There are 2 protein chains.
Amino acid sequence: MSQTLPDLVGLRPPVGKRSGRREQILNVFLRQEGHLGADELVELVRREDQGISRATVYRALQWMVEAGIARKVDLGEGRFRFEHSYRHPRHFHLICKSCNRSSEFLSPDIEALVEEVASARSFSARQSVLQIYGTCAECRTGRQATPDEGATDLLFARDALRIAIATEQSGLEFYSRAAQAARNPRGRRCFQRLAGEERVHLGELEARYRKLLAGDPQLEARPTFLFFKGAANGLFAAGADQIGRGVSDLEALMTAIRCERASHRFFKRYGARFEDSEGKQIFLEFAEAERAHLERLVREYRLLSKRPARQRARRARGPSASA
Amino acid sequence: MSQTLPDLVGLRPPVGKRSGRREQILNVFLRQEGHLGADELVELVRREDQGISRATVYRALQWMVEAGIARKVDLGEGRFRFEHSYRHPRHFHLICKSCNRSSEFLSPDIEALVEEVASARSFSARQSVLQIYGTCAECRTGRQATPDEGATDLLFARDALRIAIATEQSGLEFYSRAAQAARNPRGRRCFQRLAGEERVHLGELEARYRKLLAGDPQLEARPTFLFFKGAANGLFAAGADQIGRGVSDLEALMTAIRCERASHRFFKRYGARFEDSEGKQIFLEFAEAERAHLERLVREYRLLSKRPARQRARRARGPSASA
DNA sequence: CTAGGTGCAAATAATTTGCAGAGGC
DNA sequence: GCCTCTGCAAATTATTTGCACCTAG
């Protein structure tokens, strides 16, 4: 919010030249939130400095887009709008035709499907734009609601934590059940340890969530920003059902590995999208925690499965060891 | 293609007046395929009739959009383009920034996610636009490929049939396995009968598919138009794994019911989107077939479960029958 | 005869460009 | 001093509008 430019411009090497005017325009632009029309920016800049021409602002915007500081978005009106990319990742839009306001959301699920379609058509996608036009709740009911604009990074952090918590919860559930159902004492101990760790980690995450909410009491009530189906019930939900249906410890371990891996991947890949922000940090830390678990699980799996189905490739290098 | 207007205009009561000029413009417009710029249409119309002014064409287009004959699309250039809705349902776009061509696709999966997001935000969505910008395969490899434009309804029919066939195949697999694994002779007979029906139906669908391809030899090679994950392996794929894992006949029946119902819903809902076309017909016929199966399954389920878990509501109307 | 469609030319609206001058390194 | 930014005004592009006229019902 109160961040000054250097960091920002550092996103990509500024292609054009720095100059007083540009910095001035950039400064005004960055102070704004939401989607700004070019002319609105001219208006705002002129409020501070009368002598700036429209063309200069247009040129500055052009430069900002090239430099990756701003994104040009078309919200279906006749003109373009601009939003800055700082702490504001690519997202999709819900656009109300009645009040002309727009709100944003993220959906890894949709992104994944888009990627699939593109790759099926061997199309190399650089950017995708999804706009949902319609009428927002406020316009239909007449009630006023929280202004949705801005604070995207906080919403992201909140939803990241929620997903992480849901994942931990389902993981805890999974490991607890697995420990109970375990046949092998070694397996039982392993699952118990994992469950214990999940419990601790869960506590930490919940504390962090409470702390985040304490900073902004309205935060909890804000609508979902990050939609991710896979995490609605935690990434282990699917696996947890399996336990108690007579699967072996080894199978349970395998399921756990799959779940942890999926979780690790998701958090790592998605965390990378954001510029520096709390949400990104949460995502990446969580990814790291999952990776640690994953490693432990894989080690455990190897130990538990006394004779691997096939010799591991690394051992099959030379024919020295006989079968 | 060679369809004349009456049907088309009938889509919605034509709001404005019919007039020589408009019909002329409309005619030219409908003969085109793909996305037409307003000025391009002016150009085309003037080739037939010199004396038509730009304003008239613009007004005609406006009217067509209002009448539901045309859709105004923004492909991210500075101007709008128009496409006619006849045999051309709402779809998404892949837009090549290099050759400026765009190709279309459908994705019920994405649509479903969009609906979920909208409803989570209590946003009533009227229309959603998804554009994927990037570079197409032809531009990257230099090779020329099948022109993708047009013939959307044939592609839709082709993909509808593919999905239907995959569904039938997985259904056949499911019922065959279930019949083998059945414990109850009545259950076995039921599953066998269903498997038999699926086989017949599958044959019909495959014949229809071959017939469709015969009409246009290039059709098979064209890229996927309708992306639907649920059907990649047939809608029964998930259920089929279950069989042989010691589930009861009743559980298998329940799974079958779920699968058939999902399939029925999908085909019915999605079929409804299209204007009259072969694809729509395939979808709706298939939905009907699934409905018939579904009814049979439900009847069978009731018979097989001799004592329902709870008394059915319809019987619990009066307190005459004692527990 | 009259509502609405049509042509022409002018208006609009967002954005870009040519050119002369100003400013930072 | 050079190169690029800047301001101003004019150009451009896509689309709309005012107005007089025409045409179908």
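Source: prediction; values computed, not measured. In what follows, chains carry the letters A, B, and so on, assigned in the order in which the sequence lines appear, proteins first and then strands, with residues in each chain numbered from 1.
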5′-ward residue of the pair Val57(B)/Lys72(A) relative to DNA chain C:
Val57(B)

Output the rounded distance in Å from CG (Leu61(B)) to C1' (dT6(C)).
15 Å

CD of Glu104(A) to OG1 of Thr152(A), rounded to nearest 0.5 Å, is 5.0 Å

Rounded to whole angstrom units, what separation is found between the CG atom of Leu41(A) and the P atom of dA14(C)?
15 Å

Atom CG of Leu75(A) and atom SG of Cys96(A): how far apart are they, to the nearest 0.5 Å?
11.5 Å

When you measure only distances, ignoring hydrogens and angles, does the side chain of Arg59(A) come within 3.5 Å of the base of dG7(D) through a donor and an acceptor?
yes

Glu23(B) CD - dA24(D) C1' separation (whole Å):
12 Å

Check for me whether the distance between the ring centres of Phe274(B) and Phe283(B) falls short of 6.0 Å.
no

Mind checking Ala38(B) for me? I need base, sugar-phosphate or nothing, with any heavy atom below 4.0 Å counting as a touch.
sugar-phosphate

Between Arg269(B) and Glu111(B), does the salt bridge (charged side-chain N to carboxylate O under 4.0 Å, His left out) criterion hold? Intermediate values first, please.
CA-CA 12 Å; Arg269(B) 266 193 57 194; Glu111(B) 285 168 43; over 6 Å; no

Please state whether the phosphate of dT16(D), meaning OP1 or OP2, lies under 4.0 angstrom from any side-chain nitrogen or oxygen of Gln62(B).
yes

In whole Å, I'd like the distance from the CG atom of Asp74(B) to the P atom of dA14(C).
15 Å

Dump every N/O contact between nucleotides 10-14 of chain D and the protein below 3.5 Å, one line per pair.
none

Which residues share a side-chain contact (heavy atoms from CB on, under 4.5 Å) with Glu220(B), sequence neighbours left out
Arg162(B), Tyr209(B), Leu213(B)

Grab the CD1-P distance between Ile25(A) and dT4(D) for me, whole Å please.
19 Å

Provide, to the nearest angstrom, the distance between the CD atom belonging to Glu66(B) and the P atom belonging to dG5(C).
10 Å

Applying salt bridge (charged side-chain N to carboxylate O under 4.0 Å, His left out), run through Asp153(B) and Lys280(B) and close with a yes or a no.
CA-CA 9 Å; Asp153(B) 54 333; Lys280(B) 183 195 186 108; over 6 Å; no

Taking the inter-plane angle between the rings of Phe156(B) and Tyr270(B) on a 0 to 90° scale, is it parallel (under 30°), tilted (30 to 60°) or perpendicular (over 60°)?
tilted

Does Arg22(A) put a side-chain nitrogen or oxygen below 4.0 Å from OP1 or OP2 of dT6(D)?
yes

In numerical order, the residues of residues 45-56 of chain A whose heavy atoms come under 4.0 Å of DNA chain D are Gly51(A), Ile52(A), Ser53(A), Ala55(A), Thr56(A)

Classify the ring geometry between Phe29(B) and His84(B) as parallel (under 30°), tilted (30 to 60°) or perpendicular (over 60°).
perpendicular

A side-chain contact here means heavy atoms from C-beta on lying under 4.5 Å apart; do Arg273(A) and Leu106(A) qualify?
yes

